[in-house]
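Numbered from 1 within each chain, the chains take letters A, B, ... in sequence-line order.
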Amino acid sequence: MQEVKEFKPNIVAFCCNWCSYAGADLAGSSRLSYPAEVKIIRVPCSGRVNPMFILKAFEKGADGVIICGCHPGDCHYNTGNFYARRRMALLYSMLDFMGIEKGRTRVEWVSAAEGAKFANVMNKFTSDIIELGECVKLGDIRCKD
Amino acid sequence: MLNIGVFVCWCGSNIAATVDIDQVVAAAKIQPGVVFATDYQYMCSEAGQKIMRNAVLEHKLDGVVICACSPRMHEATFRKNAEKSGLNPFMVEIANIREHVSWIHKDKAVGTVKAIALVNAAIAKVSLNAPLISGESSVTKRALVIGGGIAGLQTALDIAEAGFEVDVVEKLPTIGGNMAKIDKTFPTLDCAACILTPKMVDAASHENIELITYSEVESVKGFVGSFKATIRKKARYVDEVACTGCGVCMAKCPSKKSLNEFNCGLNNRPSVYIPFAQAIPNVAVIDPQSCIKLTRDKCGLCQTVCEAKAIDFTQKDELIEREYGAIVVATGFQPIKVDKFDELGYSQNKDVITSLELERLMNAAGPTGGKLQKVSDGSHPHDIVFIQCVGSRDCTARGKNYCSKICCMYTTKHAMLIRDKYPDINVTVFYIDIRTAGKNYDEFYRRAAEDYGVTYIKGQVGKVYEEDGFLVVQGSDLISNEQIKIKADMVVLAAAIEADPSAKKVASMLTASIDTNNFLTEAHAKLRPVESPTAGIFLSGVCQGPKDIPETVAQAGAAASKVIGLLVKNKLVTNPCVAIADEMLCSGCSNCFNICPYGAIGYEEKLVNDHGIRETRRLAVVNPALCQGCGACSVACPSGAMDLLGFTNKQIMAEVDAICKK
C-alpha cells in the first residue's frame, strides 16, 4: 500500500502589533494550542499589509494567508483596519479570479484580550485550508485557452 | 552583508522543554550572514545580556536576532543592550519562539521546525535592517483624568502634589463617584464619607487641580506627550460661579417626581437639585428632561427665588479644548441590572433590593435617615436574606463570568452592621464561595459568622417568591444537601459590578485596548498593570478590573507615579520607525496625504535630478514628529515611493519568503 503523506499547509498570518499579535501572545501564555503550520509576521497595523505581501506569499508556496487586526473602531491608528478590510476584499476577489480560492485568504479581528479567539480562528482557518488542499503556486498559474 | 549573531534563549524550561535548542542553533548557523550563534538559559538576565554584548564586540556583529519571548516583552531590553555594546538598537530583531511556539506546541519535533522557520524569518529581516535614529518630541506638562471617583481623585491629588496641573473630567454634576454612596467601608467599618469627602475638598481646593464636572471628553487626538482633547461641558442651566448652593431653588421647585439617582431611585428629587449635601461643586443643576421651564416653557420659579441670580435657562453646552501630556482613565463601575434575574423577583417585589440600595437605606444621609426599613411599607424587617453572586461567576449570557471581588466583603459588612444595630433581625447569607483574600478580611468574615451570629449557607438560590405577605427564599444547602425555604422580609442581591458604560467609548476614543468585559487592558498583566498598551494612557481603579477601595487607591497612586514619571521629562524619545518617501519615485499624487490619520505628510517643491533631467517636482515629505508609523501610506502609494522604516516592504517580503520556504 502506498503511504499517503499528510498534507501540512503553509499558513502566513499577518498580525497587527497592538491587538492581534498581543492576542496571539495571550493564546501562548494561556497555553491555547493551534496548528504549528500558522506562522506569524508582526506588522504595526493591518493597514500596513501591502497586497504585494500576500501575492508574494502565494508565489512562494503559501496555502493560506490570514490578516488579523484590531476590531473595527479599535484600531490603534484609528482607521488602518478599515483600509485593510476594503483593500483585501478587492484583492481576494482578484485572487479568486486568478485561481486562488477565496477561502485561502481571510481577514479577522482579534483583540489583545482574545487569546481564545485567536486560537479558534487559527484552528478553523487551518482546517479550512486543509480541506482546500495544496495551493497552486502563483508563479505556476497560466492562462488557459 | 551584515555580520549577524543569533542568540537562542531557553527561558529555563519554558522554551527548552518543547523546542530543541541545539537544532535551532545549528539551523541558524548555516543561514546567510550568520557568523555567530549560541544559546543561554536566560538571555534577558544580566549574564545573558553580557553574552550578547561580548559577542557583538568579539564577532563585530552588526545585526542581532534574539530567539526568545514576545518582542512585546523584551524587545526594549535587548535594544538597550545593543546600544550598550555600541550597536544601533534597531539592528535587533526578536523571533518569538515562546508565546508563538514552545507554549502552544507540545510536540518537540513540530515546535522545533516552527521555531527554525521563525528564526530564519527574523534573520532574513535583520539582514535588511538599517540603523535608525530616534527623534524627540515635547511634553505638555498637564494631565487629564477621566472620572472623578475615588480612583480619579487620588490620581489627580498625587499628580497635583508633584507639582503638575491636572484636569478631572466628571460626567456627573458632582465628583465622588460610587464611593460617595457608600455608608461604611470594610474591614474597619469607618464611614466612607469621613474618608472620601475630605479628599473631594482637597481636590477642589488644590491649586493644581481643575474639576470639570458635568462634562464629558468628546474627542482626543495626538499622542503621548501631546494629546489634544475636546471636552463637552454640558449646560447646567445654573451659573457655577454665582450659585451659592443655598438650596432654595430645590425647595421651591414644583417638579419633584424625578428619581433620585444618588439614592438609587429609592426616593425622588426636584428638577433643580444638588445631588447630595456634600456634593462638589456645591452647585445646583437643572435636569432638562423633567424641568417644566425647559420642557414646556412654563414655571421658571427657581429663577424668581434665586437671590444669587444663578439660574440661566439660556445656557448652552460649551466645548473646551485642552492639551495634555498624559491621560488617566478612571471611569469606574456600575452594578449590573438585576431585573433579568427574574426568578429572584427584583422587579416584582419592592423588598427585593440590591446591595447598593441597602447601602443607601442604611446611610444616615440616605432617604430614610439611616433607619433600616422595608421599602414596600416602611415597617421594621425581622428576617433579611442576602444572595451572593447575582450575575458574578455566571457563565450564562445573563451575568458576568468573572468574580466581582468586593461582594463577599460588603455583604459581610452589611450583615455585621445590621446585627450590630438591630440584634432582633436574623441575617442569612447564601453564597457559592466566600472569598476574603486581603489584609484582615478573613478575620472580618469570621467575626461576622462567629461573634455577630450571621448564618452563612453554602448554596445557590433557585427562586424568591411572595407567600402570605412574606418573601420566601428557596435554595439548596450544599452542606446538608437538601432543599431549604427561608422566610424573609427583605432580600438583598449582591449584584455583579461591570465597567461603567462610558468605558467603551473612552477606550475607543483613546485607542486603548479593552477586553470582552469592557475592562481596559493593561500593557502587561504583571509588570505594567497601570499602563495601557497605548503610550501615555494610564489606568486607575475599577476601569481595569474589579477591585475594592484600598486596591483602587493603591492603583490610583501607581498610575499617578507613572504619569509624573512621564510629565517630569522635557523631551520624549520618538519611535524612529516612521514613513519615508523616495524622492525619485514620488509623483506627488496625494494618496499618502489623504490616508494619513495624523496629518504627518506634507508637500514640498523640490529640485530633483532624475537620470540627468533636473526639474522641480512636488514631493511628499513626512514629518517624523507627527508620524506614528502605522504604514498606511506605504500601502496607499501607487508608485512604491513610501516605505516604513523598521517594517520596510523588503523586510516583510523577506520574512514571507523565509516562512514560505519549504
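Other residues, nucleotides and ligands contribute only 12 or fewer heavy atoms inside 6.0 Å of the NZ atom of B/K650. Taking a 6.0 Å sphere around NZ of B/K221, one finds it holds 12 or fewer heavy atoms contributed by other residues, nucleotides or ligands. With a 6.0 Å radius and a threshold of 12 heavy atoms from other residues, nucleotides or ligands, A/M52 has its CE atom at or below the threshold. No more than 12 heavy atoms of other residues, nucleotides or ligands shown are found within 6.0 angstrom of CZ on B/F593. The local environment of NZ in B/K108 is crowded, with over 12 non-hydrogen atoms from other residues, nucleotides or ligands closer than 6.0 Å.
With chain A as the partner, the residue from B/C69, B/S508, B/S102, B/P71 showing the most heavy-atom pairs under 4.5 Å is B/P71. In terms of heavy-atom pairs under 4.5 Å with chain B, the best-connected choice from A/V12, A/N78, A/I40 is A/I40. Across A/R31, A/K60, A/K39, the residue that shares the most heavy-atom pairs under 4.5 angstrom with chain B is A/R31. Contact count versus chain B (heavy atoms, under 4.5 Å) is highest, among A/A112, A/A36, A/C45, for A/A36. Ranking A/H76, A/E37, A/E114 against chain B, the residue ahead of the rest is A/H76, based on heavy-atom pairs under 4.5 Å. Heavy-atom pairs under 4.5 Å with chain B were tallied for A/A22, A/P51, A/C19; the largest tally goes to A/A22. The choice from B/L644, B/T521, B/D515 that makes the most heavy-atom pairs within less than 4.5 Å of chain A is B/L644. Interface summary for chain A: among B/C630, B/G631, B/P597, the most heavy-atom pairs under 4.5 angstrom belong to B/C630. Of the listed residues A/S111, A/A119, A/P44, the one with more heavy-atom pairs under 4.5 angstrom with chain B than any other is A/P44. Comparing B/A507, B/S70, B/C577, B/S513 by heavy-atom pairs within less than 4.5 Å of chain A, the highest count is held by B/S70.
Using a 4.5 Å cut-off between heavy atoms, A/V49 touches chain B through its backbone atoms (N, CA, C, O) alone. Looking at A/C75, the atoms closer than 4.5 Å to chain B (heavy atoms on both sides) all sit in the backbone: N, CA, C or O. Both the backbone and the side chain of B/S634 have a heavy atom closer than 4.5 Å to some heavy atom of chain A. In this structure, chain A has heavy atoms under 4.5 Å from both the backbone and the side chain of B/H100. For B/N649, the parts lying near chain A are the backbone and the side chain together; criterion is any non-hydrogen pair under 4.5 Å. Neither the backbone nor the side chain of B/N575 comes within less than 4.5 Å of any heavy atom in chain A. Using a 4.5 Å cut-off between heavy atoms, B/I595 touches chain A through backbone and side chain atoms alike. Both the backbone and the side chain of A/F53 come within contact range of chain B, judged by heavy atoms closer than 4.5 Å.
In this structure the side chain of A/E108 never reaches within 4.5 angstrom of the side chain of A/F125, judged on heavy atoms. Put simply, the side chain of B/V217 does not reach to within 4.5 Å of the side chain of B/V506, judged on heavy atoms.
Side-chain rings of B/F223 and B/Y598 stay apart, their centers remaining 6.0 Å or farther from each other.
The backbone N or O of B/E99 lies less than 3.5 Å from no partner atom in the side chain of A/D25, so there is not a single donor-acceptor pair. Formation of a donor-acceptor pair under 3.5 Å by the A/D63 side chain with backbone atoms of A/E134 is not found in this model.
Between B/W103 atom CH2 and B/N96 atom CG the span is 9.5 Å, to the nearest 0.5 Å. One distance of note links OG of A/S46 with CZ of A/F82; it measures 10.0 Å at 0.5 Å rounding.
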| message | Evaluate B/N129 against B/Q651 for side chain to side chain donor-acceptor pair (under 3.5 Å), listing each step before the verdict. | response | CA-CA 7 Å; B/N129 276 21; B/Q651 286 177 309; 2.3 Å; yes
| task | List the steps, then state whether side chain to side chain donor-acceptor pair (under 3.5 Å) holds for A/D74 with A/N81. | result | CA-CA 9 Å; A/D74 292 350; A/N81 51 359; over 6 Å; no
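Against chain A, the residues from residues 112-126 of chain B that qualify, each with a non-hydrogen atom under 4.5 angstrom away, are B/K114, B/A117, B/L118 in number order.
For the pair A/R42 and A/Y21, the cation-pi criterion (under 6.0 Å, within 45° of the ring axis) is fulfilled.
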